[in-house]
2 protein chains.
Amino acid sequence: MRISQLSAESGVPIPTIKFYLREGLLPQGEQTSATRAEYDQSHLRRLRLIRALLEVGRLPVATIRKIIEAVQDEETDIHDMLGTAHYALSPAPEPAPDDADWRDAREMVDHLVADLDWDRVQPDAPTRDELAQTLVTLKHLGMPVTRDELLPYAKAADTLVREHDIRKIPLDGPRDTAVEALVICQVLYGKAFDAMRRLAQESESARHFGFRPSDDCAGVTPRKGPEA
Amino acid sequence: MRISQLSAESGVPIPTIKFYLREGLLPQGEQTSATRAEYDQSHLRRLRLIRALLEVGRLPVATIRKIIEAVQDEETDIHDMLGTAHYALSPAPEPAPDDADWRDAREMVDHLVADLDWDRVQPDAPTRDELAQTLVTLKHLGMPVTRDELLPYAKAADTLVREHDIRKIPLDGPRDTAVEALVICQVLYGKAFDAMRRLAQESESARHFGFRPSDDCAGVTPRKGPEA
DNA sequence: CGATATTGGCAAGTAGTACTATCCAGATAT
DNA sequence: ATATCTGGATAGTACTACTTGCCAATATCG
């Protein structure tokens with residue numbers, strides 16, 4: 001397959017494909033001559049992964065590259081590869097705020113990790129800091145979170161991952177396939193869950209404010225329109 | 001409170017505050033003279049909200065402005081205000097892909113909404129399209145999702161929203177407080193949940209690949225270090 | 001009263017991200 | 001043999017979220 005075909009089948013413009021090649025997101029095709037290279041299904045697959053992580057996952061190119069580099073490095077064992085993938089997905093937290101609120105939050109996170117038996121999580125995993133940072137922010141916004149409030153969310157996350165996410169990952173297949181599936185699962189199911197939470201919240205908040213289904217579809221509630 | 005104090009208490013530089021004022025994210029202070037304006041706690045509170053949505057929620061400034069404009073517009077009733085807030089949180093989906101995969105996905109979403117009794121969700125809510133788009137992407141990546149697989153996620157979202165999220169929103173207070181709480185809850189609890197899912201996944205995937213807790217903390221597993 | 005600092009307001013500039021356009025010489029296709 | 005395509009390189013673009021610089025009008029302080 002040549003670059004024009006790769007572009008046609010993926011819907012990604014040729015200059016953009018060249019850009020991904022330069023950036024190391026997409027491996028070089030097999031050079032058949034000085035001015036020709038051959039691409040295959042793996043390139044198409046990779047291209048679709050890149051677009052999914054960019055467009056749906058909104059991951060920066062640099063993050064996608066980190067993940068891809070870890071996958072491609074044959075030296076890295078699968079554990080470090082998974083670690084790299086997970087940590088790349090944590091937006092870099094600003095270094096050590098180091099005040100009382102932050103230490104409290106971080107302690108709560110560590111307790112939570114222990115309570116949920118997430119004992120394989122590294123003690124210095126950036127995800128812990130990320131969660132702590134979010135809890136601090138909630139507190140500063142006047143919506144402090146207690147451990148009891150957080151626990152049901154953590155349990156739901158745990159159940160979904162253990163009973164569903166992990167089953168979708170081919171644990172016995174080749175390592176790059178496993179990491180790829182893990183990242184897709186993490187990012188896209190995350191997006192899907194987020195959308196569902198928004199649907200639930202839209203329905204539930206409307207219910208609490210006393211609106212009936214299709215009230216304003218029927219035009220009963222006046223809305224700002226061209227003629228209103 | 002003057003702008004310098006607002007800056008000092010929030011940690012946001014003065015030029016950035018001026019920028020937010022220009023952009024309409026922060027309401028003007030009360031002008032006491034041609035070159036002086038007075039700010040109060042509401043400005044500080046708003047500033048913290050902006051920073052939380054920007055830094056933790058990674059929402060674009062334009063989205064934050066949309067939400068804030070809806071809150072400030074006294075004409076808008078609370079239902080439309082909530083709608084605006086929810087829809088601003090859906091990244092604008094590209095218009096009508098209109099192929100078979102997309103229609104299937106959209107149908108699955110509509111079934112899901114019906115099954116979960118999310119009957120206050122508008123039939124044309126962009127969140128439906130957003131979820132459908134994510135399902136299509138998953139299919140194109142070779143990880144198609146069935147209704148049975150999606151259902152547990154939807155149920156978890158529903159339970160969390162109905163039993164926890166909604167309780168944190170002051171439904172009887174002033175309308176701007178309610179919308180603000182709703183947005184904070186949606187965005188920050190979303191982030192927190194995402195982090196917890198990542199923690200669960202890190203622990204669970206390590207477990208499946210046969211790693212023990214603190215295996216590599218003790219240096220048993222050789223890692224790429226300065227001396228390795 | 002006068003020196004210094006602060007404020008609001010505006011215009012222009014900057015850094016980072018994700019492309020996009022242009023050009024080129026060397027293949028290939030027809 | 002002529003038109004098209006390819007890889008490679010460089011430069012430019014559009015957008016976002018600030019940041020800088022400047023100004024004249026106050027405040028503030030000695």
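Each chain gets a letter, A, B and so on, in the order the sequences are listed, and its residues count up from 1.
Between C:dT7, D:dG8, C:dA18, one nucleotide has an atom nearer to the side chain of B:Ile3 than all others, and that is C:dT7. Set against C:dT6, D:dT19, C:dA29, the side chain of B:Thr16 has D:dT19 as its closest nucleotide. Nearest nucleotide to the A:Ser4 side chain, out of C:dG8, D:dT26, D:dT6: D:dT6. Nearest to the side chain of B:Gln31, among D:dT6, C:dT7, C:dG8, sits C:dG8.
Rounding to the nearest 0.5 Å places CZ of A:Arg2 at 11.5 Å from CD1 of A:Ile14. Taken to the nearest 0.5 Å, the NZ atom of B:Lys66 stands 10.5 Å off from the CG atom of B:Leu59.
The distance between atom CD1 of A:Ile14 and atom C1' of D:dT4, rounded to the nearest whole Å, is 12 Å. Note: CG (A:Leu47) to C1' (C:dC19) measures 14 Å, nearest angstrom. Atom P of nucleotide C:dT17 and atom CG of A:Leu25 are separated by 13 Å, given to the nearest angstrom. Rounding to whole angstrom units, CD of residue B:Glu23 and P of C:dG9 are separated by 15 Å. Rounded to an integer number of Å, the gap from CZ of A:Arg58 to C1' of C:dG16 is 17 Å. Atom C1' of nucleotide D:dC18 and atom CD1 of B:Ile64 are separated by 13 Å, given to the nearest angstrom. Rounded to an integer number of Å, the gap from CG of A:Leu26 to C1' of C:dA18 is 16 Å. The distance from atom CD of B:Gln5 to atom C1' of C:dT7 is 14 Å, rounded to the nearest whole Å.
Mapping B:Arg2 and B:Phe19 onto DNA chain D via the closest heavy atom, the residue that lands nearer the 5' end is B:Phe19. For the pair A:Thr32 and A:Pro15, nearest-nucleotide mapping onto DNA chain C gives the more 5' position to A:Pro15. With DNA chain D read from its 5' end, the first of the two nearest nucleotides for B:Lys18 and A:Glu38 is the one closest to A:Glu38. Sequence order on DNA chain C of the closest nucleotides to A:Ala34 and A:Tyr20 puts A:Tyr20 first from the 5' end.
Note on A:Leu21: nothing from the nucleic acid sits closer than 4.0 angstrom, heavy atoms only. Among the protein residues, A:Arg65 comes within range of no part of the nucleic acid, since none of its heavy atoms lies under 4.0 Å from any strand. B:Gln28 comes within 4.0 angstrom of sugar-phosphate atoms only, judged by non-hydrogen atoms across all strands, and of no base.
With hydrogens and angles left out, the side chain of A:Arg22 and the base of C:dT20 share a donor-acceptor pair within 3.5 Å. Interface remark: the B:Arg36 side chain does form a donor-acceptor pair with the C:dT6 base, using a distance-only criterion of under 3.5 Å.
Not one side-chain nitrogen or oxygen of A:Thr35 sits closer than 4.0 Å to the OP1 or OP2 atom of D:dG8. The shortest distance between the side-chain N/O atoms of B:Tyr39 and the OP1/OP2 oxygens of C:dT7 is not below 4.0 Å.
The backbone N or O of B:Val71 sits less than 3.5 Å from a side-chain atom of B:Arg175, completing a donor-acceptor pair. B:Arg65 places no side-chain N or O within 3.5 Å of a backbone atom of B:Gly24 that could act as its donor or acceptor partner.
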Dump the intermediate steps for side-chain hydrogen bond (donor to acceptor under 3.5 Å, both in side chains) on B:Arg51 and B:Tyr20, then the final yes or no. CA-CA 11 Å; B:Arg51 297 305 285 196; B:Tyr20 294 156; 2.6 Å; yes

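Among the candidates A:Leu25, A:Thr63, A:Val61, the single residue satisfying the side chain to side chain contact (heavy atoms under 4.5 Å, CB included) test with A:Leu54 is A:Val61.
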